[in-house]
There are 2 protein chains.
Amino acid sequence: MTAVSPARIAHPDTGLPADPRVEALVNQVIGRVADKWTMLILEALTEHGPLRFSRLGKEVGGISQKMLTQTLRQMERDGLVIRTVHPVIPPRVDYQLTDMGLTLAEAFCGVWTWAETHLERIEAARLAFDQRQQT
Amino acid sequence: MTAVSPARIAHPDTGLPADPRVEALVNQVIGRVADKWTMLILEALTEHGPLRFSRLGKEVGGISQKMLTQTLRQMERDGLVIRTVHPVIPPRVDYQLTDMGLTLAEAFCGVWTWAETHLERIEAARLAFDQRQQT
DNA sequence: CAGCATCCTCGCGGATACTG
DNA sequence: CAGTATCCGCGAGGATGCTG
C-alpha cells in the first residue's frame, strides 16, 4: 500500500486523480479533514500558535470539551497536531501544529478567504432565491 | 448589511478577519460549504461539466437521491449552481456551476491535492499512533 | 486543569412509496 | 426522469458528574 505511483494518473483537465481506489481514499481523508471543528481548531492554532487545552477551547468558541478532546485526538492520530504533556500540578497540555498540519491550514486558507470575500454575494443569492420561491 | 467594510480589519499575521461578527458569519458559511456532499458535487460538476440529475448522482457515487436533491437545493440557494428545467417528457434537469461555484471549487482544489499528496503520510501517522497506544 | 464516562436528545441521512 | 412525502434508525454531539 506504500506504492501508490501507478494510481497517480491525473485527469488532464483538473489534475485530480482518476483512479477510483485513490479517489475513495482521498474522499475519506477529505471527509475527516473537512470537519467543522477540525477546520476551526486548525485556524486557532495557526493564528495563535501553540495553545493549551482550555485556551484553545476559548479561541475556537462554542465547542464542547468532549468535541475538543475528540477532535484533537483525531488530529493527533492523523499527524496534524503534537500533544505535549507537562508533568506538573495542575496539569498543563500544549497543542501545536505539525508541519503537515501547517500545510493543511495553508490549503484551507483559500477556502477561508473565499468564504470571507463571497459573504455578501451568498447573502444576496439566498435572498433572491427565497423571494423567487415564496412568490 | 451590505456595508461590511468597517469589519474587514484583517489580522496582520494571517490575513484573516479579526472581527467576531464576521468571523461567526464566515464560520457559518464554512460549515455549510465544508459539507461532504457539497464538496463531492462540486468536484463532479467541475470534472464533468453540466450534468443532469441522475447522471450527477452516479458521478458522485454513494449518495441517496434525497441528499442529492437537498444538497443541490442548498447550493442553488447559495448561488453555487444553476438549475435548468427542460419542459420535455420525460423531464430533464441540468445542473451547472455558477462562476462563484467555480471559484469555490478552485479554492477547494488546494485541499483536494493536499489530501492526495499526504495520503501515505497520514496513513503512517495513524499506524504509529495506534501502535504507541495499544502497547 | 485536562480528560474520561455516562446519559440523552436531536437531526442527518437512508429506505420506501407515490406523483407530474 | 426528477423529484416530493413519510417513516425511522443511528450516531454526532451537548450536559453533567467524577478522577488524577
Side-chain angles (χ1 to χ4, degrees), chain A residues 24 27-28 30-42 44-45 48 50-78 81-96 129-130 132-135, chain B residues 24 27-28 30-42 44-45 48 50-78 81-96 129-130 132-135:
Chain A
N27 285 359
Q28 179 203 332
I30 292 282
R32 159 72 47 78
V33 130
D35 171 64
K36 175 188 177 185
W37 295 130
T38 302
M39 292 189 57
L40 294 179
I41 290 175
L42 220 53
L45 288 179
H48 305 100
L51 291 174
R52 51 191 302 181
F53 186 80
S54 55
R55 180 77 195 289
L56 182 50
K58 297 208 169 216
E59 293 297 341
V60 170
I63 188 173
S64 69
Q65 142 270 46
K66 177 186 176 182
M67 277 300 102
L68 185 55
T69 304
Q70 198 172 106
T71 309
L72 281 173
R73 282 296 132 77
Q74 288 287 358
M75 294 176 73
E76 188 193 0
R77 191 172 108 98
D78 289 348
V81 300
I82 295 176
R83 178 172 176 268
T84 313
V85 182
H86 298 89
V88 297
I89 296 178
R92 175 198 179 93
V93 180
D94 283 326
Y95 292 91
Q96 59 177 315
F129 181 88
D130 292 347
R132 217 178 311 146
Q133 234 58 8
Q134 49 103 267
T135 311
Chain B
N27 286 359
Q28 181 204 330
I30 292 283
R32 157 72 47 79
V33 132
D35 171 64
K36 175 188 177 185
W37 295 129
T38 302
M39 293 189 56
L40 294 180
I41 289 176
L42 221 52
L45 287 179
H48 305 101
L51 292 173
R52 51 191 303 181
F53 186 80
S54 55
R55 179 77 196 289
L56 183 50
K58 297 207 169 219
E59 293 297 340
V60 170
I63 189 174
S64 69
Q65 139 272 47
K66 177 187 177 182
M67 277 300 101
L68 184 55
T69 304
Q70 200 172 105
T71 309
L72 281 172
R73 281 295 132 76
Q74 287 289 358
M75 295 176 73
E76 187 193 3
R77 192 173 107 98
D78 289 348
V81 300
I82 295 176
R83 176 171 178 270
T84 313
V85 182
H86 298 89
V88 296
I89 295 180
R92 175 197 179 94
V93 180
D94 284 326
Y95 291 92
Q96 59 178 314
F129 181 87
D130 291 347
R132 217 179 309 146
Q133 234 58 9
Q134 48 102 268
T135 309

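Order of the sequence lines sets the chain letters (A, B, ...), proteins ahead of strands, with each chain counted from 1.
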- Note on the structure: side chain to side chain donor-acceptor pair (under 3.5 Å) filter on Q74(A), not counting sequence neighbours, yields R32(A)
Could you tell me if the side chain of [Y] sits less than 4.5 Å from the side chain of [X], heavy atoms only?
X	Y	result
M39(B)	D35(B)	no
I41(A)	L68(A)	yes
R55(A)	E59(A)	yes
R52(A)	V93(A)	no
L40(B)	I63(B)	no

- When you list every nucleotide of DNA chain D with an atom under 4.0 Å from a heavy atom of chain A, which one comes first 5' to 3', and which comes last?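 Contacts span dG13(D) to dG20(D), reading 5' to 3'.
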Spacing of [atom1] belonging to [X] relative to [atom2] belonging to [Y], to within rounding of 0.5 Å:
X	Y	atom1	atom2	value
Q70(B)	Q65(B)	CD	CD	10.5 Å
T38(B)	K36(B)	OG1	NZ	11.5 Å
T71(A)	K66(A)	OG1	NZ	10.5 Å

- So which pairs with a foot in residues 83-96 of chain A pass side-chain hydrogen bond (donor to acceptor under 3.5 Å, both in side chains), sequence neighbours left out?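 Output for this query lists R83(A)-Y95(A), R92(A)-D94(A).
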- Start with the C-alpha gap between L72(A) and F53(A), add the side-chain angles, then the distance that decides, and say whether side-chain contact (heavy atoms from CB on, under 4.5 Å) holds. CA-CA 9 Å; L72(A) 281 173; F53(A) 186 80; 4.2 Å; yes
- Query: For DNA chain C, what residues of residues 63-77 of chain B have any heavy atom nearer than 4.0 Å?
  - Reply: S64(B), Q65(B), K66(B), M67(B)
- Item | Span of DNA chain C in contact with chain A (heavy atoms, under 4.0 Å) | dC1(C) to dC4(C)
- Query: Looking for any heavy atom pair under 4.0 Å, which part of the strands does R55(A) touch: base, sugar-phosphate only, or nothing?
  - Reply: nothing
- Bend across the helix from dC1(C)-dG20(D) to dG20(C)-dC1(D), to 10°, with axes taken over 5 pairs at each end? 40°
- Item | Minimum heavy-atom distance between L51(A) and A44(A), given as atom pair plus value |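 Shortest heavy-atom contact: CD1-O, 4.3 Å.
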